[in-house]
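Have a look at the structure below before the remarks.
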Amino acid sequence: SANLRITEFGGIARPYIWNGAGLSVKGTLVQMFTDSNTVAISAVDDIDCIGVIYNSGVPSGSLVYVVFTGVAEVLLKDGVAGVTGANGWMGTHDVAGRARCQANPGVLGLQLHSQEIGHCLLNVGAGIDVLTLCNLHFN
């Protein structure tokens with residue numbers, strides 16, 4: 001489709017209408033807003049995350065690309081490191097629009113399983129507004 005974009009990391013993105021309080025920020029987790037063409041920042045511990053903002057600086061009401069499969073840059077919660085391997089399970093977090101990266105929780109309860117967004121592919125230190133790479137898959 002002419003609307004799909006393959007990112008430099010191998011993710012597949014499509015445009016949605018951005019319904020945010022400000023400009024879009026790359027790596028922010030998003031959920032559907034009021035219809036199938038509009039996205040907003042995902043809620044705290046969201047179970048309805050559908051993708052990750054691809055491009056920063058898009059004003060609310062305009063088209064923003066959202067990576068929904070493949071590899072994407074994901075914005076971690078401030079103070080959380082990105083770790084690969086068995087410690088690289090990723091999911092929504094207690095800060096809206098941000099991801100957690102933690103040891104594989106093993107057998108998951110339904111709530112935690114539904115918060116999963118994928119697995120970390122890049123080791124990065126904890127900091128402020130840190131991006132890591134995630135092999136996306138949403139449950």
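Note that this is a predicted model, so its numbers are computed, not measured.
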Between [X] and [Y], what is the shortest heavy-atom contact and its length?
X	Y	value
Leu63	Val58	O-CG1, 3.3 Å
Ala99	Met90	CB-CE, 3.9 Å
Cys101	Asn87	SG-O, 3.7 Å
Asn37	Met32	N-CE, 4.0 Å
Phe68	Phe138	O-CE1, 3.5 Å
Ala13	Thr7	CB-CG2, 4.5 Å

Does [X] use its side chain to pair, donor to acceptor, with the backbone of [Y] at less than 3.5 Å?
X	Y	value
Thr84	Asn123	no
Ser60	Gly20	yes
Asn3	Arg14	no
Ser24	Asn55	yes

Phe9/Val67 under side-chain contact (heavy atoms from CB on, under 4.5 Å): CA gap, chis, key distance, verdict: CA-CA 10 Å; Phe9 296 108; Val67 182; over 6 Å; no
Interatomic spacing from [atom1] in [X] to [atom2] in [Y] - rounded to 0.5 Å:
X	Y	atom1	atom2	answer
Thr38	Gln31	OG1	CD	12.0 Å
Asn135	Leu122	CG	CG	13.0 Å
Thr69	Leu4	OG1	CG	11.0 Å
Glu116	Ile47	CD	CD1	14.0 Å

Running the 4.5 Å side-chain criterion over Ile, Leu, Val, Met, Phe, Trp and Tyr, what cluster does Leu131 land in, apart from itself? Val25, Leu75
Answer whether the closest heavy-atom distance between the side chains of Ile128 and Asp78 falls below 4.5 Å. yes
Assess whether a salt bridge exists between Asp45 and Arg100, defined as any Lys/Arg side-chain N lying under 4.0 Å from an Asp/Glu carboxylate O. yes
Can Arg98 and Asp46 be counted as an ion pair, charged N to O under 4.0 angstrom? no
Are [X] and [Y] joined in one hydrophobic group, where the rule is that I, L, V, M, F, W and Y side chains link up if heavy atoms are under 4.5 Å apart?
X	Y	answer
Val71	Ile12	no
Leu133	Val83	no
Leu121	Ile117	yes
Leu136	Tyr65	yes
Val52	Val64	no

I'd like to know whether Leu29 forms a side-chain contact (heavy atoms from CB on, under 4.5 Å) with His93, so could you lay out the CA-CA distance, the side-chain angles of the two residues, the decisive distance to 0.1 Å, and finally the verdict. CA-CA 10 Å; Leu29 305 178; His93 212 316; over 6 Å; no
Using the rule given for side-chain contact (heavy atoms from CB on, under 4.5 Å), can you reason through His119 versus Trp89, listing the C-alpha separation, both sets of side-chain angles and the distance that settles it, and then say yes or no? CA-CA 5 Å; His119 298 273; Trp89 180 92; 4.0 Å; yes
Between Ile53 and Trp18, does a side-chain contact (heavy atoms from CB on, under 4.5 Å) hold up when you go through it step by step? CA-CA 9 Å; Ile53 295 286; Trp18 171 236; 3.9 Å; yes
Is the CG atom of Leu23 crowded by more than 12 outside heavy atoms at less than 6.0 Å? yes
